[in-house]
Number of protein chains: 2
Amino acid sequence: MPTDEQLRDDAAARLRAAGLRVTAPRVGVLVALERESHADADTVARHVRTSLGAVSTQAVYDVLHALTEAQLLRRIEPAGSTARYETRVGDNHHHMICRGCGVIVDVDCSGAAPCLVPAHAHGFDVDEAEVTFWGRCPACQNDDDTRDKENG
Amino acid sequence: MPTDEQLRDDAAARLRAAGLRVTAPRVGVLVALERESHADADTVARHVRTSLGAVSTQAVYDVLHALTEAQLLRRIEPAGSTARYETRVGDNHHHMICRGCGVIVDVDCSGAAPCLVPAHAHGFDVDEAEVTFWGRCPACQNDDDTRDKENG
DNA sequence: TCCGCTTACTTGACTGGTTCCAGAAAAGGG
DNA sequence: CCCTTTTCTGGAACCAGTCAAGTAAGCGGA
């Protein structure tokens, strides 16, 4: 587990590399998302406030937009949920989401996957295939089993 | 192209088969989505009002929920868009979305696609793999070409 | 054919996530 | 260290979708 300082330094370096100014809220947002990936705007805001004190909701949204624009963050919008953000960018990995508790887990793209090119492209110029796996995480499966037994 | 009456009769039959009451708003919603697939709630409401007169927004939302629950409709929520609905259910097909104009096209699942089972399931019990292809439709590609030439 | 139970629809107020606006503050190049 | 550009603040607005209570209508049974 890296220290907060290491995360902040790394975040600052990434901001500079992207040609963006280094500000406390931006660093805070990046650190928050290193600590808790797939967080939504509100969760990020709470994390940032914990470490920095008062930060406006607006600033958080602006930062999330700016960093997404600069490709330092990736924004995902699972069905039935608000927008979530992650710092893992550039590898087009996919996500697996639990229908029970909503937890999101990264899934590596299985490589040269044949189904990532549609059977009939209808003339489309496809640049991304987004795959979301829906199911139940181990913990929620356990809950299901327990409930099944209780209910006979 | 089937007539409105054929669509209405068919819609009523599907409602009865699902054990749901046949009401004008419900039939109207099904017909609207046969006519224009992947429409959002507001678009559906406008279609229904055109054919039936006044129908409350609330009724449209209720009907969309009830029919989705009964699996007569499928709800999709593409990133950056409000929820959309389609009458094609039960075959887990996928979607291709144009980044330019937002048009949504159905794409058949390519069958026993290996990538539809994640490489590492992390103990998840996966029941659905949702695939969304992002790109540009032929019309928007033409627009791009035209703009490129104009701008040198 | 009518009755009445149950479900569906209407109206209106409201929430939660997100964005827009105008002005104040701060980062960084020169 | 100042000036310009960019970012942050606070407040108000926006929209899809929800909640609650009362009215209307479908449909099974008499």
Side-chain angles (χ1 to χ4, degrees), chain A residues 8-9 11-30 32 38-49 51-70 72-73 75-85 102, chain B residues 8-9 11-33 38-49 51-70 72-73 75-85 102:
Chain A
R8 281 199 298 273
D9 288 351
R14 270 180 285 160
L15 286 167
R16 264 186 270 272
L20 295 174
R21 291 191 179 168
V22 178
T23 69
R26 288 178 171 185
V27 172
V29 165
L30 284 171
H38 313 119
D40 60 16
D42 192 60
T43 303
V44 170
R46 272 184 285 112
H47 274 267
V48 173
R49 284 177 190 132
S51 55
L52 296 183
V55 176
S56 71
T57 305
Q58 192 55 38
V60 174
Y61 277 102
D62 281 354
V63 168
L64 288 171
H65 278 166
L67 300 194
T68 303
E69 189 85 7
L72 293 180
L73 292 181
R75 176 187 174 123
I76 58 175
E77 293 182 52
S81 157
T82 56
R84 286 156 184 278
Y85 299 85
Chain B
R8 281 198 298 271
D9 288 352
R14 270 180 287 159
L15 285 167
R16 264 187 269 272
L20 294 175
R21 290 189 180 170
V22 178
T23 69
R26 287 177 174 185
V27 172
V29 165
L30 283 171
V31 171
L33 282 168
H38 312 120
D40 62 16
D42 191 60
T43 304
V44 170
R46 272 185 283 113
H47 275 266
V48 173
R49 285 179 188 131
S51 55
L52 297 182
V55 176
S56 70
T57 305
Q58 192 55 40
V60 174
Y61 277 103
D62 282 354
V63 168
L64 290 171
H65 279 163
L67 301 194
T68 303
E69 189 86 7
L72 293 180
L73 293 181
R75 175 186 174 122
I76 58 175
E77 293 182 52
S81 157
T82 57
R84 286 154 185 279
Y85 297 86

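Protein chains get the first letters and strands the later ones, always in sequence-line order, with residue 1 at the start of each.
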Tabulated below should be each protein N or O lying under 3.5 Å from an N or O of nucleotides 15-21 of chain C; please produce it.
from	atom 1	to	atom 2	distance (Å)
C:dT18	OP1	A:A83	N	3.2
C:dT18	OP2	A:Y61	OH	3.0
C:dT19	OP2	A:H65	NE2	3.2
C:dC20	N4	A:Q58	OE1	2.4
C:dC20	N4	A:Q58	NE2	3.3

Quiz item: Considering residues at least two apart in sequence or located in another chain, which fulfil the side-chain contact (heavy atoms from CB on, under 4.5 Å) criterion with A:R49?
Solution: A:A45, A:V55, A:T57
Practice problem: Just jot down the side-chain contact (heavy atoms from CB on, under 4.5 Å) partners of B:S56, sequence neighbours excluded, or say none. | Solution: B:Q58, B:A59
Exercise. Give, ordered by number, those residues of residues 18-30 of chain B having at least one heavy-atom distance below 4.0 Å to an atom of DNA chain D; if nothing qualifies, reply none.
Key: B:R21, B:V22
Self-check item: By salt bridge (Lys or Arg N to Asp or Glu O under 4.0 Å) - contacts of B:R8 (at least two apart)
Solution: none
Quiz item: For A:E69, which residues count as a salt bridge (Lys or Arg N to Asp or Glu O under 4.0 Å) partner, sequence neighbours excluded?
Solution: none
Partners meeting side chain to side chain donor-acceptor pair (under 3.5 Å) with [X] (sequence neighbours left out):
X: A:S81; answer: A:R84
X: B:D9; answer: none
X: A:H38; answer: A:E86, A:D106

Exercise. Could you name each residue pair satisfying salt bridge (charged side-chain N to carboxylate O under 4.0 Å, His left out) that touches residues 16-26 of chain A, not counting sequence neighbours?
Key: none
Quiz item: Counting N and O atoms only, with roles assigned by atom type, does the side chain of A:E77 sit under 3.5 Å from a partner on the main chain of B:G80, one being a donor and the other an acceptor?
Solution: yes
Practice problem: Please report, rounded to the nearest Å, how far the P atom of C:dC9 is from the CG atom of B:L64. | Solution: 11 Å
Exercise. To the nearest 0.5 Å, tell me how far B:L64 CG sits from B:Y85 OH.
Key: 5.0 Å
Practice problem: Mind checking the CG-OG1 spacing from A:D42 to A:T82? Nearest 0.5 Å is all I need. | Solution: 8.0 Å
Quiz item: Quick one: how far along DNA chain D does chain A reach, first to last nucleotide 5' to 3', anything under 4.0 Å to a heavy atom?
Solution: D:dT5 to D:dG11
Exercise. Describe, as an angle rounded to 10 degrees, how the axis at the first end of the helix from C:dT1-D:dA30 to C:dG30-D:dC1 is tilted relative to the axis at the last end, five pairs per end.
Key: 30°
Exercise. For A:L52 and A:G28, work out which heavy atoms get closest and say how close.
Key: CD1-CA, 4.5 Å
